[in-house]
K.L.:
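Here's a structure for you.
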Amino acid sequence: MAGLGGRPGGALSMRRAWRTAAGLGVGEIVLIAAGITVVAVVFQPLQLAMVRLLQGGWPDALGAGLCHARQRRRSLAGRPA
C-alpha cells in the first residue's frame, strides 16, 4: 500500500487498526459515537448552504447580489447580459 507523506508511524496496517479498535473500552466507544453525533448535528445546517455554494449560488455577502442586480438592469434595458 502506498504511504502518505507527513503521517506519523510506519506503513498503514489494517491489522494494527483492528487491534486498536478491538482494544477500545465501552466508554471510549460511547465517547467516539457522541463526538460523531455532535459534529453531525453542528454541521447539518451548513449542508444546504455548502451544496448551493458548490453549485455556484454565491451568497449576497460575497457580491452575488450586486451582480444579479446588474444583470437585471442590463436585461431590462435590452442589452445583452
Side-chain angles (χ1 to χ4, degrees):
M1 194 176 251
L4 302 173
R7 67 173 162 56
L12 297 176
S13 169
M14 288 305 291
R15 283 186 194 169
R16 195 169 30 173
W18 184 257
R19 275 193 307 240
T20 301
L24 293 176
V26 174
E28 293 168 323
I29 293 171
V30 169
L31 186 62
I32 290 170
I36 290 171
T37 301
V38 167
V39 168
V41 168
V42 167
F43 285 109
Q44 191 277 332
L46 303 174
Q47 288 179 1
L48 181 60
M50 182 59 70
V51 169
R52 287 183 177 167
L53 182 69
L54 292 172
Q55 290 177 343
W58 298 96
D60 289 340
L62 296 177
L66 298 173
C67 294
H68 289 247
R70 182 176 179 206
Q71 285 180 336
R72 279 192 296 267
R73 282 194 309 271
R74 290 180 121 185
S75 65
L76 290 175
R79 293 184 288 178

K.L.:
For L24, give me all partners under side chain to side chain contact (heavy atoms under 4.5 Å, CB included), at least two apart in sequence or on another chain.
P.N.:
E28, I29, I32
K.L.:
Could you list the donor-acceptor pairs under 3.5 angstrom formed between side-chain atoms of residues 33-42 and any protein atom two or more places apart in sequence or on another chain?
P.N.:
| from | atom 1 | to | atom 2 | distance (Å) |
| --- | --- | --- | --- | --- |
| T37 | OG1 | A33 | O | 2.8 |

K.L.:
Mind checking who shares a hydrophobic cluster with V26, ILVMFWY linked at side-chain heavy-atom distances under 4.5 Å?
P.N.:
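V30, all in the cluster of V26.
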K.L.:
Find the distance between CD (Q44) and CD (Q47) and round it off to the nearest 0.5 Å.
P.N.:
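With rounding to 0.5 Å, CD (Q44) is 5.0 Å from CD (Q47).
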